[in-house]
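This is a predicted model, so every value here is computed, not measured.
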Amino acid sequence: MIHIFVSVFHLSSAAVTSSCNPQGDFNLPVFMTSGDFTIGGIFPLHYRVELPPTDYIKRPLAAQCRGFDPRAFRWALTMTLAVEEINNRKDLLPNHNLAYSIFDSCATPVTAQKAVLAVLNGQDVVQSFICSGASPLLGLIGESGSSQSIVVSRTLEPFRIPMISYFSTCSCLSDRKQFPTFFRVVPSDDYQVKAIAQLLKRFGWTWIGVVTEDHDYGRFALQGLKREIENTNICLAYHEMIPKDYTQEQVMRILKVMKESTAKVVVVFSGEGEFYPFLREFVTQNITGIQWIASEAWVTASILAETYPFLDGTLGFAVRQGHIPGFQDYLKTVTPDRYPSNPQVKELWEALYGCSPSTSSLNSHLPSCTGKELLRQEHSAYMNTSSPRVAYNVYKAVYAFAHSLHNLIHCKPGNGPFENVSCANLNNVFPWQVKLQHYLQEISFSVSGEEVNFDVKGDSIPSYDLINWQRHASGDIQFVKVGLYDGAQQTGSELVIEEQAIMWSNQQKKVPMSVCSNSCTPGFRKAVRRGQPLCCFDCVPCDIGKISNQTDSIDCLSCPEDYWSNVNGTICVPKAVEFLSHDAMGITLTVIAVVGAFLTVTVLVIFLYNRGTPIVRVNNSELSFFILLSLTLCFLCALVFIGEPTSWSCMLRHTAFSITFSLCISCILGKTLVVLAAFTATRPGSNIMKWLGPTQQRIIIFCCTLVQVVICTAWLTISPPFPYRNTKYQQSKIILDCSVGSDLAFWCVLGYIGLLACVCFFLAFLARKLPGNFNEAKYITFSMLIFCAVWLAFVPAYVSSPGKFTTAVEIFAILASSFGLLFCLFTPKCYIILLKPEKNTNVERERTRPGFYFVFCVRQSSCEGLPLYFRFVFVYLIKVWFKCSPVPASFPNYELCYNDNCKLQLGYLENFVLNNMVHSKVFGHVTHM
């Protein structure tokens, strides 16, 4: 149709016959004047169209516009007021008059296209002016709906006729390739959806429903909103589209979805014409608790606010308001009395007063009235001029055309936009000749204190008022400004809201909730439910060692290595540093160690005090003193394990205990070797005891201890123990302990001590049946058995014990083995010394000797100067090793019992004893064993 029309547009009047007629009926303009420059206007004076039935047999009737909109009629009157105001000014378009031609679009694209074609046709369609020439239309103001503006702009574009929209916000219209002649004084939806997205985030509405009209405006607005909330936590519970061809069945399906959804916030991108019948069905469904978010297309629709009280509390962004001087007074002049032949004025009266000022009205069933009734303030849909918004945009659009024409007229040759920088020919004014679009792009003027200009896309400065529908006690509804959005501000500072001024829907006093899942408090994270939007989730507690310190955390943050999560999982707190300190356990072990050292020192004092008694001397007092000294050090080295580990304490604790225990076991091993060697000589007179004298014993002890010293020295040199903060074993604590440095060295130290203990145990076990009063083998055997059992149990306990208990186990092993050695070796002797002193004599030792069969007295000549106890011999040796009865009494100089089987053996024994007593005195050391 457009291409056919373009061809017709360029036909000259001489080439057309008088039979050329318009194809179809064109609606007459609502308002029209004549002047030097004509601008058109298209307004949705009706908000719906009733399509006639079609049987496809005969030509269908024309669509009928229904639902008169006083608000849109006020917009149209704003254009007439602005033109008249400009024509009365002397500083703007002097000596020139603006003319206008205003048509009704009925809020549908098809009717809008019909209206723009009517504007292009000229003033008198009855005389077929289309065939003789075109209307001198220079520009057009329209339309409110984006879908209508798209159709109108594409129709005007071939003729280079610019249009300025006062209410079309679709972002698609910013595309200069598709709409090169389109301008608008209302912000693009790109900014509106940004404002709505920030509003949703501001109040925590993460679960929303969206209802749109089935036009480009609704589709592009939805796309923009999805784009804005894509990387946020806001989700769409549903998206429903009000059908173009309105049917109750489709609307009921949408309402069912809204009723069943848990979303309590609904964003509506629709014109009031499409939304009005939808709300009529909404009332019947008893759907409550909805917080409506209005687009700028209906946020100031008084007819909706007055008709549907459940919309109270609606929030939405409206275009910025302005001031139109004398506007209310001008509206009062538009009456049926002044415009008797204007059908739209009659419809206005019918809508405001419910009466017909003419009997020829379509609603002839209404009561008649004079048409001179006074307009009152309660007619807010029409008379509300306190804060004009869309009407103010119309006002600015008219002035934009006026200023561009003014600049065109006052163009100076040499500065024009045409070839050779010439200016337009005012005698032949057509839009494609005057390049009015160029002047529109360049204008910058002020209206009511506001700067008006266009960017390269034809858009104006993005700015909105946040409007809240509030119903007062009187029942009046007011559109209260509770905030603003300024797209020119820095990111994050665009939206400003006065929350205390907002009146919520359903008379709620706090912000309504609209979430699929309640927010996860700090300490929890969101776990998305499978198959559901991201806004639907479960709250899962953070794992141990992780925290979330924000609401609705997507993931929990791991605490640093030295920190741990608190009980609530909200903050990281320093980990408890655990080591064997002087707490209850540490103090207990300290007391035990001190008591053990005290007992050992006490025994040492007792032995020193009684060092001359047989029980001390017969058991080799020198080795006993060494053992008691080393045991004291063993008890005291346990104290090094208690307290915070340091570099010195870590090196000292392991080396000290290993060396002291090696010294102790070496002394015991020396005792065991001497006893076993003395009593296992293969024949009397053997010189084996020459190799186990006091010097040799000291060498054995020194060498056995030196091996451990060498191991410890190598350990400290190559890989010494050091303080270690163990954060892996027990994640909630830092276990401060001593790392052994070299595991091999550590187990070598313990292994060497175990080797000495095993050898000592084996030798003592062999000598366990020697005479009791002269032999400690049975006590050494039992002490080594306890020692080995303790340290064998230590290995698994040490490996498996957590934290400070590892150190406690090691201390326990040291103390237990030390007490075992102390009690087993020295308790019997202390018992005799302290409680049975009468047994600590030579006579008692002789009398109570087990297995004593006879006693022989050493000859005085051979025994002079020797202690008395050297005169006694273990006759039990005869019974056990020589397996004979006592010798005969006739043996020279001896009082002996007679037995023929033992003469030779006793001779050997005599020589062995006497030789050793006189020459080497080894026997004394043997009996000390």
| request: Could you label the plane-to-plane angle of the Tyr395 and Tyr392 rings as parallel, tilted or perpendicular, counting under 30° as parallel and over 60° as perpendicular? | output: parallel

| field | Distance flag, aromatic centroids of Phe31 and Tyr339, threshold under 6.0 Å | value | yes

| task | Compare every heavy atom of Thr300 with every heavy atom of Arg71, then report the nearest pair and how far apart it is. | result | NH2-OG1, 2.7 Å

| request: Run the numbers on Ile86 and Val83 for side-chain contact (heavy atoms from CB on, under 4.5 Å), then give the verdict. | output: CA-CA 5 Å; Ile86 292 169; Val83 171; 5.8 Å; no

| Centroid-centroid under 6.0 Å between Tyr166 and Phe43 rings | yes

| Are the side chains of Val345 and Phe73 in touch, meaning some heavy atoms are under 4.5 Å apart? | yes

| task | State, yes or no, whether a side-chain contact exists between Trp205 and Ile293 at a heavy-atom distance under 4.5 Å. | result | yes

Could you pull out every donor-acceptor pair under 3.5 Å between side chains of residues 490-497 and any protein atom, sequence neighbours left out?
{"residue": "Glu494", "atom": "OE1", "partner": "Gln198", "partner atom": "NE2", "Å": "3.2"}
{"residue": "Glu494", "atom": "OE1", "partner": "Gly492", "partner atom": "N", "Å": "2.8"}

| message | Testing the basics here: between Ser168 and Gly145, what is the closest heavy-atom pair and its distance to 0.1 Å? | response | OG-O, 3.1 Å

| field | Under 3.5 Å donor-acceptor, Gln437 side chain and Pro180 backbone | value | yes

| note | Sorted by chain and number, sequence neighbours left out, ring pair (Phe, Tyr, Trp, His ring centres under 6.0 Å) with Tyr100 holds for none

| request: Identify the two heavy atoms, one from Ser149 and one from Leu173, that lie closest to each other, and give their separation to 0.1 Å. | output: CB-CD1, 4.2 Å

| Should Ser174 and Arg184 be marked as a side chain to side chain donor-acceptor pair (under 3.5 Å) after you check the CA-CA gap, both sets of side-chain angles, and the distance that decides it? | CA-CA 9 Å; Ser174 296; Arg184 54 184 163 191; 2.7 Å; yes

| task | Output yes when Arg389 and Glu296 qualify as a salt bridge under the 4.0 Å nitrogen-oxygen rule, no when they do not. | result | no

| request: Taking only Lys NZ, Arg NE, NH1 and NH2, and the carboxylate oxygens of Asp or Glu, determine whether Asp459 and Lys457 approach each other closer than 4.0 Å. | output: no

| field | Aromatic ring pairing Phe454/Phe183, orientation class (parallel under 30°, perpendicular over 60°, tilted between) | value | perpendicular

| field | Heavy-atom side-chain proximity of Phe68 to Gln344 below 4.5 angstrom | value | yes

| Are the ring centres of Trp504 and Phe203 closer than 6.0 Å? | yes

| Centroid separation Tyr308 to Tyr276 less than 6.0 Å | yes

| request: Check whether any side-chain N or O of Thr33 sits under 3.5 Å from a backbone N or O of Ala99 as a donor-acceptor pair, and report yes or no. | output: no

| query | Taking only residues two or more places apart in sequence or in another chain, which ones pass ring pair (Phe, Tyr, Trp, His ring centres under 6.0 Å) with His472? | reply | none

| Got more than 12 heavy atoms from elsewhere within 6.0 Å of NZ, Lys481? | yes

| said: Is the distance between the ring centroids of Trp298 and Phe275 under 6.0 Å? | reply: yes

